[in-house]
Amino acid sequence: MARLAIAAGNWKMNKTVEEASEFAEAFLSLSPNTSDIEIILCPPYVSLYPLSQKLAQTGIKLAAQNCHWETKGAFTGEISVPMLKAVQCQYVICGHSERRHIFGETSEDIGKKVKTVIYFGLNPILCVGETLEEREAGQTEAVVFDHLSKGIVNLSKEEALSLVVAYEPVWAIGTGKAATPQDAHQVISYLRQQLAKQFDKETAEKIRILYGGSVTPENIYNFMKDPDIDGSLVGGASLDPAKFNKIILESLRASQ
Ligand code: PGA
C-alpha cells in the first residue's frame, strides 16, 4: 500500500519572522512539487501565522515544534493546540529528543500531547529514538518501544490514522553522522510491527514512519529507496531553501 511521502523541515530555534518569510519566497520560487509528497515546514511559533499567510494555497503545510496538552489556562509560556489550529497548523512535533533530553519531557507528557493534537484534528509527529549509550548497550528496541507505546497509549485505531512517527536516533541528530539506511530500516520495521500489535496490521500499514538525523540532499535517496521509510524529518539541511528542495527532489526520484 503506497503511503504519501513526507519531507518535514524542523527549523528548531532558527530564523526570525523576516528570515522565515525570505525562506518562503526563495523556496516557492523553486516550485516545490506538492502533489506527490507532503512538504511540511516547522518554524518557531512566532513565524507560524505569517507563514500561514504566505503559504496559503501552495499545498505546503505547517507544523509546530511542540504544544501543551491543556486547551487553555495558567500555563505561562505554553501554546495550546487550538491556538495552533487557528493559525492553520496541521501537524505538531511531539517528543522531539531535544524536548525529552534538554527540557525533561517525559513519555507520559508526550502521550498526553499526542492525544490532544489528534482530538483537535491535527496530526502528531511522534519522535522516538535512542541515545548512543543506549544503542551501545543493545537497548535500541526497548527504548523506542517505550517511547512509542507511551506516546500512543490512549489512541483508538481511528485516532492512530492521524499519527506520523519519526525515528530519530539521538546520536544522529545534528552530528553529521546519519544512521545507515539499514539501521533505520531495522528500527522502522520494528516500530511498524509494534503498531500492528497495538492496533492492527491494516492500520499499521497506513501510518507513515519517517527517518530523521543528519539527513542531507546526498543521503536522502538511499533512505527513501527503502519501502519502509516514508519520509524525513530534517533539521539543519531544511534551513536552506535549495537544500531542502533538493531533499524533496531526491525523495521523489527514489519513489519512481
Ligand atoms: P538534523 O536534525 O537533521 O539537523 O540532524 C534532525 C532533527 O532533529 O529533527
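Remember, it's 1-based here, ligands and their atoms both numbered in the order they're listed.
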Would you tell me which option among Gly9, Gly235, Ser97, Ala237 has the nearest heavy-atom contact to atom 3 (O) of ligand 1?
Gly235
Qualifying residue, where the test is side-chain contact (heavy atoms from CB on, under 4.5 Å) with Ser232 and the options are Ile220, Thr216, Ile248, Leu210:
Ile220
Side-chain H-bond candidate by donor/acceptor type, Ser21 with Glu18, under 3.5 Å
no
Applying side-chain hydrogen bond (donor to acceptor under 3.5 Å, both in side chains), can you list everything that pairs with Ser29, at least two apart in sequence or on another chain?
none
I'd like to check whether Glu98 has a polar contact with ligand 1, where a contact means an N/O of the residue lying under 3.5 Å from an N/O of the ligand.
no
Any chance you could measure Tyr91, atom OH, to Leu41, atom CG, to the nearest 0.5 Å?
12.5 Å
Indicate yes or no: does Glu205 engage Arg192 in a salt bridge with an N to O separation below 4.0 Å.
no
Going by the atom numbers of ligand 1, which of them fall below 4.0 Å from some non-hydrogen atom of Gly213?
5 (O)
Numbering the atoms of ligand 1 from 1, which are under 4.0 Å from a heavy atom of Ala172?
5 (O)
Could you tell me whether Ala166 approaches ligand 1 through its side chain, its backbone, both or neither, with non-hydrogen atoms closer than 4.0 Å?
neither
Are any of the heavy atoms in Gly176 under 4.0 Å away from ligand 1?
no
Going by the atom numbers of ligand 1, which of them fall below 4.0 Å from some non-hydrogen atom of His96?
7 (C), 8 (O), 9 (O)
Under a 3.5 Å distance rule, please check whether Asn123 uses its side chain to pair with a backbone N or O of Ser162 as donor and acceptor.
yes
Ligand 1 atoms in contact with Gly236 (distance to a heavy atom under 4.0 Å)
1 (P), 3 (O), 4 (O)
Using the salt bridge (Lys or Arg N to Asp or Glu O under 4.0 Å) definition, which of the options Glu105, Glu70, Glu78, Glu108 pairs with Lys113?
Glu105
Minimum-distance protein heavy atom relative to atom 9 (O) of ligand 1
Glu168 OE2, 2.7 Å
Pull out every atom of ligand 1 sitting under 4.0 Å from any heavy atom of Gly174, numbered as shown with elements.
1 (P), 4 (O), 5 (O)
Numbered in order shown, the ligand 1 atoms found under 4.0 Å of a heavy atom of Asn10 are 9 (O)
With sequence neighbours left out, which residue pairs that include part of residues 14-34 fulfil the ring-ring contact (aromatic ring centres under 6.0 Å, His included) condition?
Trp11-Phe23, Phe23-Phe27, Phe27-Phe244
